[in-house]
Amino acid sequence: MSDENENDLIAQRRQQLHELRESGNAFSNDFRRDSLAADLVAKYEEKTKEELEGEGVKVAIAGRMMSRRIMGKASFAHIQDMSGKIQLYVRRDDLPEGLYNTGFKKWDIGDIIGATGTVMKTNKGELSIHVDSIKLLTKSLQPLPEKFHGLTDQEMRYRQRYVDLIMNEDTRNTFKIRSQVVEFIRSYLNNENYLEVETPMMHVIPGGATARPFKTHHNSLDMELFLRIAPELYLKRLVVGGFERVFEINRSFRNEGLSPRHNPEFTMLEFYQAYSDYEDLMNLTEDMLRKLTTELFGSNEVTYQDDTYDLGKPFERMTVVESILKYNDAITIEDLQSLEKIKDHAQRLDIPLEDSYGLGKIQIEIFEKTVEAKLLAPTFITQYPTEVSPLARKNDSDPFVTDRFEFFIGGREIANGFSELNDPEDQAERFRKQVEEKEAGDAEAMHFDDDYITALEYGMPPTAGEGIGIDRLVMFLTDSPTIRDVILFPHMRSKASS
RNA sequence: GGGCCGUUAGCUCAGCCGGUAGAGCAGUGGAUUUUUAAUCCAUUGGUCGGGCGUUCGAAUCGCCCACGGCCCA
């Protein structure tokens, strides 16, 4: 922010900073704390005022001053650190001469301070620190939002997440839970003998999903590269290489619109295990999510947007066809097998069709339009058409569908998994179909990945793999209505400079 | 890409059938030695998102643009 844009509030604080510079090091780094706010509260809250006076526990604490109430020669202030808040009781006559009036009273809410003192309890029963020394560690030039309403402007919460994090405990909690979710999954898979790996984010051929990629350019190689849309094909190369259980938790990128459920970069867990099929992964998913909610909340009940979901009960399982029949009284099983009749239904449902769409693709369009949002309770939908599953293994008894599932909760897709297609000739044929669709104008269709076919030709053991959208899972677990609430710095348009 | 809603003090918001801007908190000055949305007295602070138009006169009405939100594609 340039000088001419600054208001009086900032100018006043900058003047204070200037005075601090004149009188010594304004940004000293010589204070060391020995305690965190929440730890002190947890440890001493149960003690009485008298007990604490008898014990005289000395502590050093540091954090951001979030509130202050000056009452003449004594003041109360709250400081906030990474663990929470604690109140300081600051008395003029307990501090070195002059510090109270020329220092503490001139500091601002938002300043970062360090203090030492004795653990005490106020008459009203709040655990506090009776301060005997206090120091300004970092001057804050920007005024914080109002204390009661905090920061509510959504745009500012996303653009200036640091202010949101200072002001809103809910925001801090969301990202703490996000961290716990990732940590849990990592340890769960490690316990299952998985190896965590990192595969390229810059791909020569974007693969592993049907989506439009971001393009970039490597200068010294003078070649076009794509940000990955999925890590899938590299992870399966590792299974070919003998890493029979691998996982990766990291970013993928899709060049699509923004919405409450879509950010251009998002985090996915993908994991692959050899000598397993999609049913094994459904069981694993169910077990992992159940243990995750137990770990996070001590229960399997999750409330999302006023509805409560019980992940303790067995998850429902239904095929794509069964689910369409269940939610569409007007459609019969015979209709679903007839291209003519299914097209009529699609038209009735206002679903735009392309000439290239086959029966399977139209089924999925109908599924997405009429079923997805209704899958509230935890549900696995299985047997996705081969036409829309170019990397999945065909079902042994019905090659029209694949051994694939997607997992839904609260009407949203959270996971996608299948028995992997490890027949190199079938895979090559599927790639050729995708290329035909790309040439027919489908920008999301896949490329032909020669090296991936070569890898399969070395032999990939029978394998099952799955991807879980971490952002959407965290949305569900933190009752967040939009993906922007679970991404620290969500993508925003550039603000026009004045 | 389309529709609807929003953008006013540092923050949270009023004001909008046109007459030139208000409150609370924060800030500043003062009182106050157990407060906690502290209290009491006084007080500073505004390109009303940007532009163009209508009008004697626009925060207010119209059009365009930017950013944000929700819904749809």
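The chains referred to below are lettered A, B, ... by the order of the sequence lines, with proteins before strands, and numbering in each begins at 1. Because the structure is predicted, anything quoted here is derived from the model rather than measured.
- For the C1' atoms, the distance from B:A26 to B:G2 is 42 Å, rounded to whole Å.
- OP1 and OP2 of B:U32 both lie 4.0 Å or more from every side-chain N or O belonging to A:Lys73.
- Residue whose closest nucleotide on RNA chain B sits further toward the 5' end, between A:Lys121 and A:Ser67: A:Lys121.
- A:Glu126 contributes no side-chain N or O that forms a donor-acceptor pair with the base of B:U35 under 3.5 Å.
- Residue A:Arg484 has its side chain nearest to B:C70 when only B:A26, B:C70, B:C67 are considered.
- Comparing B:U28, B:U44, B:U35 against the side chain of A:Asp108 picks out B:U28 as the nearest.
- Phosphate contact (OP1/OP2 of B:U35, side-chain N/O of A:Lys124, threshold under 4.0 Å): present.
- Taking the six-membered ring where the residue is Trp, A:Phe407 and A:Phe380 present tilted rings, their angle falling between 30° and 60°.
- If you check B:C70, B:A73, B:G27 against the side chain of A:Pro352, the one that comes closest is B:A73.
- Relative to the side chain of A:Thr122, the nucleotides B:C71, B:U36, B:A26 differ in distance, and B:U36 lies closest.
- For A:Met492, the listed nucleotide lying nearest its side chain is B:G68; candidates were B:G27, B:U32, B:G68.
- Mapping A:Thr152 and A:Glu53 onto RNA chain B by nearest heavy atom places A:Thr152 closer to the 5' end of the strand.
- Dashed line: the shortest gap from a side-chain N or O of A:Arg69 to OP1 or OP2 of B:A38 is under 4.0 Å.
- The CD1 atom of A:Ile409 lies 9.5 Å from the CG atom of A:Leu376; values are rounded to the nearest 0.5 Å.
- Classified by interplanar angle (parallel below 30°, tilted 30° to 60°, perpendicular above 60°), the ring pair A:His447/A:Phe226 is tilted.
- Remark: B:C70 base-pairs with B:G3. Criterion, Watson-Crick or G-U wobble with two distances under 3.5 Å.
- Using C1' as the reference atom, B:A59 and B:G22 are 12 Å apart when rounded to the nearest Å.
- Using Watson-Crick or G-U wobble geometry with both donor-acceptor distances under 3.5 Å, B:U54 finds no partner in any strand shown.
- Distances from the side chain of A:Leu151 to the nucleotides B:G27, B:U34, B:U12 place B:U12 closest.
- Note that A:Arg68 lies in the cation-pi zone of A:Phe104, set by a 6.0 Å cut-off to the ring centre and a 45° limit from the axis.
- Side-chain contact between A:Asn416 and A:Arg404 is present, with at least one heavy-atom pair separated by less than 4.5 Å.
- In terms of phosphate contacts, A:Arg493 brings a side-chain nitrogen or oxygen within less than 4.0 Å of OP1 or OP2 of B:C67.
- The side chain of A:Pro143 approaches B:G10 more closely than any other nucleotide in the set B:G10, B:U35, B:U34.
- If you take atom P in B:U54 and the same atom in B:C70, they sit 37 Å apart, rounded to whole Å.
- Using a 4.0 Å heavy-atom distance criterion, A:Gly257 is classed as making no nucleic acid contact.
- Across the C1' atoms, B:C11 and B:C17 are found 31 Å apart, a figure rounded to whole Å.
- Contact annotation: A:Arg159 reaches the phosphate of B:G68 (side-chain N/O to OP1 or OP2, under 4.0 Å).
- Of the listed nucleotides (B:U35, B:U33, B:U12), B:U12 has the atom at the smallest distance from the side chain of A:Glu146.
- On the C1' atoms, B:C5 is 41 Å away from B:A42, given to the nearest whole Å.
- Between A:Glu53 and A:Lys47, the closest side-chain pair of non-hydrogen atoms is not below 4.5 Å.
- Comparing B:A26, B:C67, B:U35 against the side chain of A:Glu155 picks out B:C67 as the nearest.
- Comparing B:U44, B:G27, B:U35 by their nearest atom to the side chain of A:Asp8 picks out B:U44.
- In this structure, B:G49 and B:C65 make a Watson-Crick or G-U wobble pair, each of the two defining distances being under 3.5 angstrom.
- Across B:C41 and B:G50, the matching P atoms stand 36 Å from one another, rounded to whole Å.
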